[in-house]
Amino acid sequence: MIITIANSKGGVGKSTLAVHLAAWLHEQGHNVTLADCDTQQSSSEWIREALPEVKAVRLGNPNEILNELPALATETDYVIADGPGSNTETSRALLLRADFAIVPCKASMLEVRALAKATEVLRQAQDIRGGIPKAVIVLSMVGKNYRLTKDMKDAAAALNLPLAHTAMTLRQIYADAPGQGEVVWRLGSRAAEAAAEVEHLFREILPEAYQSKSGGRKRKTGTQ
Ligand SMILES: Nc1ncnc2c1ncn2[C@@H]1O[C@H](COP(=O)(O)OP(=O)(O)O)[C@@H](O)[C@H]1O
Ligand SMILES: [Mg+2]
C-alpha cells in the first residue's frame, strides 16, 4: 500500500506525520519504506536516526516517483511517501501512484480556506482514477483550546473529504523530536500526551494496520 502525505503547502506538518507514521507501522510489525520526495530530505534523515531499520529512499523527481514507487510497494507492506511543500508535478506523480492520501491541514480558518487549492491536484487524481487515492484530512498544530468548528467541518464536507476525529495538537515536543532524532513515543514522559495522540490517530485512520500488542514489534519507549 502506498500512502502519501499530501498538501501542496509547506510547513503544515507533512514530514512530522510521515516519519511518525512510518515508525508506527514498523512497530506494528509491518515492512515499511519511507520515500522522501521532498528536496529538503528532512524526513529521510530523521527516520535514519530514529529507526535505521526502516528503509528510506529519496525520489528526486516526478519520473522517479512514477517509475519506482510500484516496485517499492511490491517489496514492502507500506510505502510512506512524504511530499514536497510546493512542487505540483511531484505531488501529482505521488497522487497518481498512491492508494491513500493523508492531508495534514493547519487548524486555522486561513488554511482551511486555502484547502480547496491545496487539494486541487488530489481531486484531479481522484477524478482520473475513479476515486483513488482515498483521502483523509488530519488537522495539525491544533491549539489546546481549539474546538472543531462548523466552518472547518463544512470546508471538508464541501471538498468531499473526511476529517479525522483525532488531530495533532501544537506541542513543542513535536518540534523537538527531529533534533533529537527520535519519534515522540521514545522521548519519555514529557511526550506522553503526544505519543497517545499519534497512536490514537493512526489507529483511527489505518485500523487495518493496527496490531494488538502481541502481533507488533516490541516498542522502545525511551527514558521515562
Ligand atoms: N504538532 C506540532 N506541534 C508543534 N510543532 C510542529 C507540529 N508539527 C510540526 N511541527 C513543526 O513545524 C514545522 C513544520 O513541520 P513539518 O512536518 O516539517 O511540515 P512540512 O513537512 O509540511 O513542511 C517543523 O519545524 C516541525 O517540527
Ligand atoms: Mg516536509
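All figures in this text were calculated on a predicted structure; none of them were measured in a lab. First listed ligand is number 1; within each ligand, the first listed atom is number 1. Keep in mind that the numbers below use all heavy atoms, side chains included, and drop hydrogens, waters and symmetry copies.
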Open item on the list: Can you tell me which portion of Thr169 lies within the under-4.0 Å heavy-atom range of ligand 1? Options are side chain, backbone, both, or neither.
Closed with: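 Looking at Thr169 and ligand 1, just backbone atoms fall under 4.0 Å.
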TODO: Determine whether the side chain, the backbone, both or neither of Lys14 has a heavy atom under 4.0 Å from any heavy atom of ligand 1.
DONE: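 Answer for Lys14: both.
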- [ ] Apply side-chain hydrogen bond (donor to acceptor under 3.5 Å, both in side chains) to Thr33 and Thr76, showing your working.
- [x] CA-CA 7 Å; Thr33 300; Thr76 39; 3.1 Å; yes
Task: side chain to side chain contact (heavy atoms under 4.5 Å, CB included) partner of Thr119, chosen from Val103, Ile137, Asn160 - done: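 Exactly one option meets the side chain to side chain contact (heavy atoms under 4.5 Å, CB included) with Thr119, and it is Val103.
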Open item on the list: Return the NZ to CE distance between Lys106 and Met141, rounded to the nearest 0.5 Å.
Closed with: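 One finds 5.0 Å between NZ of Lys106 and CE of Met141.
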TODO: To the nearest 0.5 Å, tell me how far Glu199 CD sits from Gln28 CD.
DONE: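 Interatomic distance, Glu199 CD to Gln28 CD, rounded to 0.5 Å: 6.0 Å.
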Taking [atom] as the reference point, the nearest protein heavy atom with its distance:
atom: atom 4 (C) of ligand 1; answer: Arg171 O, 3.0 Å
atom: atom 6 (C) of ligand 1; answer: Tyr174 CB, 4.0 Å
atom: atom 27 (O) of ligand 1; answer: Ala175 CA, 3.3 Å
atom: atom 26 (C) of ligand 1; answer: Thr16 OG1, 4.0 Å

Taking only heavy atoms of [X], which atoms of ligand 1 are found under 4.0 Å from at least one of them?
X: Val12; answer: 19 (O), 20 (P), 22 (O)
X: Leu170; answer: 3 (N), 4 (C)
X: Gly10; answer: 23 (O)

TODO: Please confirm if an N, O or S atom belonging to Ser15, backbone or side chain, lies less than 2.8 Å from the Mg ion (ligand 2).
DONE: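 So Ser15 counts as coordinating the Mg ion (ligand 2), yes.
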Task: Heavy atom of protein inside 4.0 Å of atom 2 (C) of ligand 1, strictly below - done: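 Neighbour list for atom 2 (C) of ligand 1 includes protein heavy atoms (cut-off 4.0 Å).
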Open item on the list: Does the protein come close to atom 19 (O) of ligand 1 - that is, does one of its heavy atoms sit below 4.0 Å from that atom?
Closed with: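 Yes; the ligand atom in question has protein heavy-atom contact below 4.0 Å.
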TODO: Kindly determine whether Glu197 and Tyr174 satisfy side-chain contact (heavy atoms from CB on, under 4.5 Å), including the steps that lead there.
DONE: CA-CA 11 Å; Glu197 176 175 273; Tyr174 286 117; 2.6 Å; yes
Open item on the list: Do Ile205 and Met168 land in one hydrophobic cluster if side-chain heavy atoms of ILVMFWY residues count as linked below 4.5 Å?
Closed with: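 Shared cluster, yes.
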Polar-atom distance check: [X] versus ligand 1, any N or O pair below 3.5 Å?
X: Gly13; value: yes
X: Gln172; value: no
X: Asp82; value: no

Task: Option set Lys106, Met141, Gln40, criterion heavy-atom distance to atom 12 (O) of ligand 1, minimum - done: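 It is Met141 whose heavy atom sits nearest to atom 12 (O) of ligand 1.
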Task: Carboxylate-amine/guanidinium contact Asp36 Arg48, below 4.0 Å - done: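 Looking at Arg48 together with Asp36, the answer is no, because their closest N to O distance does not fall below 4.0 Å.
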Open item on the list: Any salt bridge linking Glu120 with Arg123? Criterion: basic side-chain nitrogen under 4.0 Å from a carboxylate oxygen.
Closed with: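 Answer for the salt bridge query: no.
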Open item on the list: So for Gly11, does at least one of its heavy atoms come nearer than 4.0 angstrom to any atom of ligand 1?
Closed with: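 Yes, Gly11 has heavy atoms under 4.0 Å from ligand 1.
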TODO: Check for a donor-acceptor pair, side chain of Trp46 on one end and backbone N or O of Glu182 on the other, with a separation under 3.5 Å.
DONE: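 Confirmed, Trp46 side chain pairs with Glu182 backbone.
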Task: Side-chain donor or acceptor of Lys9 paired with backbone N/O of Leu115 under 3.5 Å - done: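 Looks like no, no N/O pair under 3.5 Å.
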Open item on the list: Would you call the rings of Trp24 and Tyr210 parallel, tilted or perpendicular, taking 30° and 60° as the class edges?
Closed with: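 If you compare the ring of Trp24 with that of Tyr210, the planes turn out parallel.
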